[in-house]
Amino acid sequence: MRGRLVPGLVLLAVPVLVALLGPLLASAFSARGVAFGGTGVLGGDFVGRDVLGQVLRGGASVVGVAVLATAVTYAVSGPLALLAATTHRRAVDEAVMRPLDVVVAMPSMLLLLLLVPIVPGSALVVAGVVALINLPDVVRIVRATALAVAAGTAVEALRMQGEGVVRVGAYVLRSVRRVVLTDLGTRFTGALYLVASAAFLGVGLSADDPNWAVMVDANRDGLFVNPAATVVPALLIIALSVGANLTSDRLLGGAR
Amino acid sequence: MIAVEGLRIVAGSAVPVDDVSFTVGAGRVLALVGESGSGKTSTALALLGEARPGTVVTGSVVVDGSVGYVPQHPGSVLHPVRRVGSLLRETARHAGVPRAEVRAAVRDALCRAQVADPDELLGRHRHQLSGGQQQRVVIAQALLGGARVIVADEPTTGQDTPTRRRVAEELAALVADGVTLVLCTHDLALVRALADDVVVLRRGVVVEGGPVADVLGTPRHEYTRALVAAEPGVPGVRGVRPSPDVSGGTRCAPKVSGGPPLTAGVPVLTATDVTADHRARGRSRRALHGVSLELEVGARVALVGRSGSGKTTLARVLAGLHAPSSGTVELRGEPLAAHLTRRRRDQVAAVQYVFQDARASFDEHRPVLDQVARTALLLRGHADAGERARACLARVGLGADVVTRLPRSLSGGELARAALARALLAEPEVLVCDEVTAGLDTLTRGGILDLLAGTDAGLLVVTHDPAVVARLAEDVVVLDEGRVLERGPVAQVLADPREELTRALLGSPVPTPTR
Amino acid sequence: MTAVLPRSRRRVLPLPGSLGAYAVRRLGLGVVQVLVVAVVVFLLTDRLSGDAAVVIAGDDPDPVTIAALRAELGLDRPVWVRLGEWLGGALSGDLGSSLVTGRAVTAVIADGLPVTLLLAGLTLVVLVPLSLALGMLAARREGGPADRVVTATTIGLYSLPEFALGVVLVTVFAVQLGWLPPTGIGVADPAVFVLPVVVLLARPVCSLSRLVRAGMVDALASDHVAHARRVGFSDRAVLWRHALPGALTPAVQQLARTTDWLIGGVVVVEAVFVLPGLGTALVDTITARDVPVVAGIALVLACGTVLFNLAADLLARLLNPVAS
Amino acid sequence: ACSSGPAAPAVGTPRPGGTLRAAFAGSGATETLDPHTQNLYAELARAKMLYDKLAEYGSDLSVVPRLAERFEPSADQTRWRVPLRAARFHDGRPVRAADVLASYARILGPTPGMRGRSGLATLDLPNCRAIDDRTVEFALKAPYAEFPNATAALGTAIVPEGATDFDRAPVGSGPFRFESFEPGRRFRVVRNPEYWEGAPLLDAVELLVSNDEAARVNALLGRQVEYAHDLSPTTAAGYADRVVVTRLPRSSMQSLAMKVDRPPFDRPEVRQAMYAMVDREEMVRTLLAGSGTVGNDLYGKGFRYYADDIPQRTYDPDRARALVRAAGLEGVRIPLDTAAAGSGMVEAASVLRDQAARVGLTLDVVTGNASTYYSDVRDEGVLAVYRSGALPIESHISQRLLSTSATNFTQWRRPAFDALYAQAQATGDDTARTGLYRQMQQQLHDDGGFLVWGFSDFLVGSDPRVGGIDPTAPANTLDWARFDRVWLA
Ligand SMILES: Nc1ncnc2c1ncn2[C@@H]1O[C@H](COP(=O)(O)OP(=O)(O)OP(=O)(O)O)[C@@H](O)[C@H]1O
Ligand SMILES: Nc1ncnc2c1ncn2[C@@H]1O[C@H](COP(=O)(O)OP(=O)(O)OP(=O)(O)O)[C@@H](O)[C@H]1O
Ligand SMILES: [Mg+2]
Ligand SMILES: [Mg+2]
Ligand code: NI
């Protein structure tokens, strides 16, 4: 089991280390050359900055936004979903679910296009909007999955013992952990995706910001002149999300 | 034909099954008997080539032909999403029944499994079946499967007396057709009626084995003798093991101090004109039609009825797990909320319920002891909840080595007892027990009944077992199709049942020998 | 005297809790949802910086011109007046007309809808079987090579945003190999849709197949599947008929969101492949602050989303009888 | 700078026939064919095929008469007599003086969004008259020596009197006749055999729309179009071997607009610091990938009246640093507005920020909303990235640099400067006027608000079979996107 953990962890470690330590080393790589030219190891980006420097600087914000957005999504929607699933009052369930239905019916791209420009260029706003977009989805998935467990005998027995919302919720959450963790993994990937898509649509982070997701968009015109400027950040993003998902799979597999 | 040689199952430091060997010839019936936790289910699983998680099986097991299995806990093996009918039809088709005859075959199998209204049941999901109905559906599935070897683990625990007898007859008919049967059971009457040979297990070791007549007729081993002696209907003899001490030690349910004086004749729990409905296929089915019930302080009432008559439904209404469509439930004159979550903590503690499916009522991720102890902490605020839980579990016969494990590594009977201990720790005024003794061997059952008899709590005991009624109850209520058919003091009802059904239910627990 | 309803009258409505009653209730709710979405979108678009007048003025933002434009377009009136007017029209089936071109909003929608529907439809047709197959393949042996390959590929594809994936595919299959048309510029060749659909699939296939996998792994470890194996059902039957039905709940919930992903994806894919659908229209009209058109398109999209959600919820109830 | 790379056109001599497909950026569903309200290059190109103006800009932005035979001013520059060429609309009617007056009346009328209005605003419409069918006489409210500029400006096409249905049945006098139009998708015209300047070579032109530059290139590479407008220098470099790239020189001015009426740019020494701080060579090298030239803080390099004798400003970081320090601006954060409103604008801000940092100036890049950017920065903010297409220098001044200008992005309001402009417009003599423009430009160069760091070329990609693309015409001028001169080999 141990050995199987390694590929995922390595994939995860590379981007995370680059993101964490990169900013410390980045100042060494700030020469400016010709667009997509230059002398750096990885060449220049669309404004001639050293791609290596940008890569080293650009991890923190990507990882930060994705982690933050995913964390906020789950911090809000997890409890809501569990509440809706375990409550015995229909009114509570409705009070949670119906307002979300409105957000659900709202095309998420539209939310991105309309809400992000309110404070242009703010990573926090992007994270917030990404969280908002994911919120109803997560609530629905977790609630639906938890409903069957919540209606089960074990939960009745917990109630019979006088257990409160917290323990009942914890039990239900634990029973649906695989789905939740899987969803969490894809949400994380989805957050990366949304940051990049926002850049493509011209909202959110400025093309100028060091951010892997944004780099993929900003440098794609130079794909044939300096492939490294697009490919390296793209590979780092892929490594990050594939690594995170493989590792969580493996941890779950080991737990059973 | 089955040949087991040197079967040994190791679970960490424990050895649930050690050096078990036996053979069963084709078309013969072997019964595995023994007290709860003696290794019956473990052995049965080994016959299927399976092992519980965390256990290692060694030794040789040879089984000729396909094996059909009736598990001890039928609820969890039925599909949670698909309807009963679809499952059974698929089984029939798989067994090679021609398309045109599938429906008929399924009907037939359900009838043989004693399902009264097969057509109604076919459209149900598993959670819409009563405990006994689930068991019979699983039996029907085994019948349909057409296996030449059937391993049946406690196939009759959840059934009422007449049904049990007829299920036994069906199994006998199967054997007559040449099917080999391995029966795990605590029901010695069933063993006598059905089995050719018997193997007696104790703590995973074979203590004795041989033809039924020899072993049960003239038991050589002390343990077997005790098992036989503790059989209901043979009064006066107790197990060789000291039965759980009822008078001294830590009492699971001491008198509630500070409450109103407990005088007999004062109603604690009153249910008035309770009707309850279930929904199936978008339609509403009435399970209880205006049932009224009054439980006095310290009273011990047995609730009997055919499988599916609404016993569990009534029990769940009282416990606040099922909202009645009309009618009220009152505790000491104070109306109780229909739903548990809206009852006050002391009310929850006062009315406790032991679930029919003990295994399903535990959180599979936490050790049994931790779960059981929570009751004492939450409902009674005892700081020493862990200690109390340990003591109470010991009194139902569960040692520290057993209860510190996860639920999945406990046997069916062990879990049932743990569930009982969990409810007792709430020191309830009224304890509603749903078939707590159904999965227990004669010896263990005796101890548990003594324990129950010794509590101060008012008891409402749901059971199919006439011996339990006779031994424990003062009053009996007979339920039929959601209506109270008859009620009265046990002695009177037993002596002179007014209704035919009552006679059948409370009649001889021993199935008439069929072979 | 109390009038007693004739017995039959009481039974007209489906029983509360039945599938039919649920659907009716949800449809009613859906109408409200759609209207709320339209209103929110109207207001949000309106409060974006600038307005249609400013956009029309472009790089020659003469204040006098802008003021005149505003007056002409009625943008000098308070937003709720315009909203009220638009809503009134919308409720009577008239979605108004574009601020910029004066074209009827319904005409703009009718122009874009076919392309978008075609894209979404094609994607859905491939999506469901593909994600089921991948999810089940991965779940068969948890942690096995197939599992890891499927996980790595689907996640990898999903980590690449649509535009990047589109660029790669176009470069390889259209520009270098010349097998497929690179863009939809001015062509009516069905081959135009191949690459966009592949790109559109990347995202939902990943989430769906991952959730199918998660559900399947749990289901395969459950007692009822173990029992189905004992009964001797074939591997296929166990997988499809016993494990799958109980494993689908989370995936169905996610499937309910497909319309939403598709809308998101379509916006990008239409831009990359130059397919003039609703997504492109949406981005263009937001850019142009063309509030009535944006709200009109949002209305259509919300209708799609609501209907699809409803269908998925009905399916979810079938798959989760305990909870319903 | 003309065609580059090995894929030089092998097109031979002009040859009639064929359909040219051209890809332009557009604005999708909000596009219109109304020639008087247009904004986008795609719309201009379409209008050019369908309509004529009285005049167009030549490649040096001087006026080239088109429907006008010539422009004859009165001595005081307030009355202009314009004889018209013998031309016919597509429906066969002749182009008459009444049509010209009706078109201008429409532009100056109440319909909002008329692009040509600011240029034509000096027309005293009630006093203009048709002398005969082929001669117009314009009356102006003030002397305006460069009145012909206004008749060549954007959105001044001549439409038939009474025309209303521009989107479905547009009728003009241009080289092509309308066939079909789907906004945001496709526009198709066919040859007008009776065009006054001679029939075009092509049978038909299809103008297709794609906002994504990569898609336009891909379409070109995939042979879905033969002409792709507005490529990035990077793409041009990447595909130099597969497509023909034509560089339309100096098509846009790249600059920074400093608001001279507010701190910190109200102080001339701060503007001096800015002039010295910018490394123009680096900007051109990195941002324009060589497709452009450095600027000298003056608009219109290579255009008529451009003061190319004013010495070129050079990069002087030391002087800049000293000035910044002296002005006490070290550590002060100055917001720099930008938006993706034109290609390279966001990038420019990024490079400028870095260059400013080298001299101790801190610029905070604020990326705003593209579609409303110009209106957002017109009166707000202090420093903005600014880009402008080709216009005559006179128009640039009158629209952006007079006290009365509606879009004065630098808030440059100097009565002396205004007076020079008025004087120039009242001067009929070309040399004298050239001198006045020289003086105005000297003032702007000394301490104006525009920091013009460069001029970028417009890149057009085309299939090697396409001939006749003029490599000297900046975008917006007569010979740009002139499909009546193009042929397919
Ligand atoms: N993983 C394990 N670790 C330790 N002990 C185990 C494990 N699994 C089972 N046991 C023990 O093995 C014994 C045999 O269990 P088994 O289920 O076979 O009993 P049984 O005879 O079927 O009892 P019952 O009649 O109560 O169902 C039990 O005491 C149980 O606690
Ligand atoms: N959730 C449900 N939906 C529909 N019908 C149900 C549901 N639960 C129980 N029933 C039906 O209601 C009737 C009463 O069930 P109940 O569980 O009370 O029976 P019981 O007397 O406890 O039977 P057993 O002895 O088999 O446990 C049965 O016919 C059963 O099939
Ligand atoms: Mg057992
Ligand atoms: Mg029951
Ligand atoms: Ni409940």
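It should be emphasised that the depicted structure is a prediction, and the values quoted were computed from it without experimental measurement. The sequence lines fix the lettering, A, B, ..., with proteins before strands; numbering per chain opens at 1.
The parts of C/A152 that come within reach of chain A are both its backbone and its side chain, each placing non-hydrogen atoms under 4.5 angstrom from that chain. In this structure, chain A has a heavy atom under 4.5 Å from the side chain of C/T151, while its backbone stays farther away. Proximity to chain C is absent for every atom of A/V195, based on heavy atoms less than 4.5 angstrom apart. Only the side chain of C/A256 has a heavy atom closer than 4.5 Å to any heavy atom of chain A. Within the 4.5 angstrom heavy-atom criterion, no atom of C/A251 approaches chain A. Looking at C/S159, both its backbone and its side chain come within 4.5 Å of chain A, counting heavy atoms on both sides. Both the backbone and the side chain of A/I237 come within less than 4.5 Å of a heavy atom of chain C. Both the backbone and the side chain of C/V41 come within contact range of chain A, with heavy atoms under 4.5 Å apart. Using a 4.5 Å cut-off between heavy atoms, C/V268 touches chain A through backbone and side chain atoms alike.
Counting heavy-atom pairs closer than 4.5 Å to chain C, the top residue among A/M106, A/R140, A/R98, A/M109 is A/R140. Between chain C and the options A/G190, A/A150, A/A234, heavy-atom pairs under 4.5 Å are most frequent for A/G190. When C/D313, C/V168, C/T153, C/T287 are compared by the number of non-hydrogen pairs under 4.5 Å with chain A, C/D313 comes out ahead. With respect to chain A, the highest number of heavy-atom pairs below 4.5 Å among C/V306, C/L211, C/V294 belongs to C/L211.
Closest approach of A/L115 and A/V129 over heavy atoms only: CB-CG2, 3.8 Å.
Applying the side chain to side chain contact (heavy atoms under 4.5 Å, CB included) test to C/V167 and every residue at least two apart in sequence or in another chain returns A/R220, A/L223, C/T171.
Under a 3.5 Å cut-off, the side chain of C/R289 and the backbone N or O of C/I286 do form a donor-acceptor pair. The closest donor-acceptor contact from the side chain of A/T87 to the backbone of A/L83 lies at 3.5 Å or more, if one exists at all. Looking only at distances, no side-chain donor or acceptor of A/T73 sits under 3.5 Å from a matching main-chain atom of A/N134. Side-chain atoms of A/N219 come within 3.5 Å of backbone N or O of A/A229 as a donor-acceptor pair. Side chain of A/D183 to main chain of A/V179: no donor-acceptor pair is present (N/O by atom type, distance under 3.5 Å, no hydrogens or angles).
Comment: A/D249 engages C/R210 in a salt bridge, judged by a side-chain N to carboxylate O separation of less than 4.0 angstrom. A salt bridge does not link A/D93 with A/R90: every distance from a Lys NZ or Arg NE/NH1/NH2 to an Asp or Glu carboxylate oxygen is 4.0 Å or more.
Screening residues 102-113 of chain A for side-chain hydrogen bond (donor to acceptor under 3.5 Å, both in side chains) gives A/S108-C/D260 as the qualifying pairs, with residues at least two apart or on separate chains. Applying the side-chain hydrogen bond (donor to acceptor under 3.5 Å, both in side chains) definition to pairs two or more places apart or across chains, none involves residues 30-42 of chain C.
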>> Determine whether A/Y171 and A/R174 satisfy the following criterion, side-chain contact (heavy atoms from CB on, under 4.5 Å), listing intermediate values before the conclusion.
In response: CA-CA 5 Å; A/Y171 164 72; A/R174 183 147 187 196; 5.6 Å; no
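Identified by a heavy-atom distance below 4.5 Å to chain A, the contributing residues of residues 296-303 of chain C are C/A298, C/L301, C/A302, in residue-number order.
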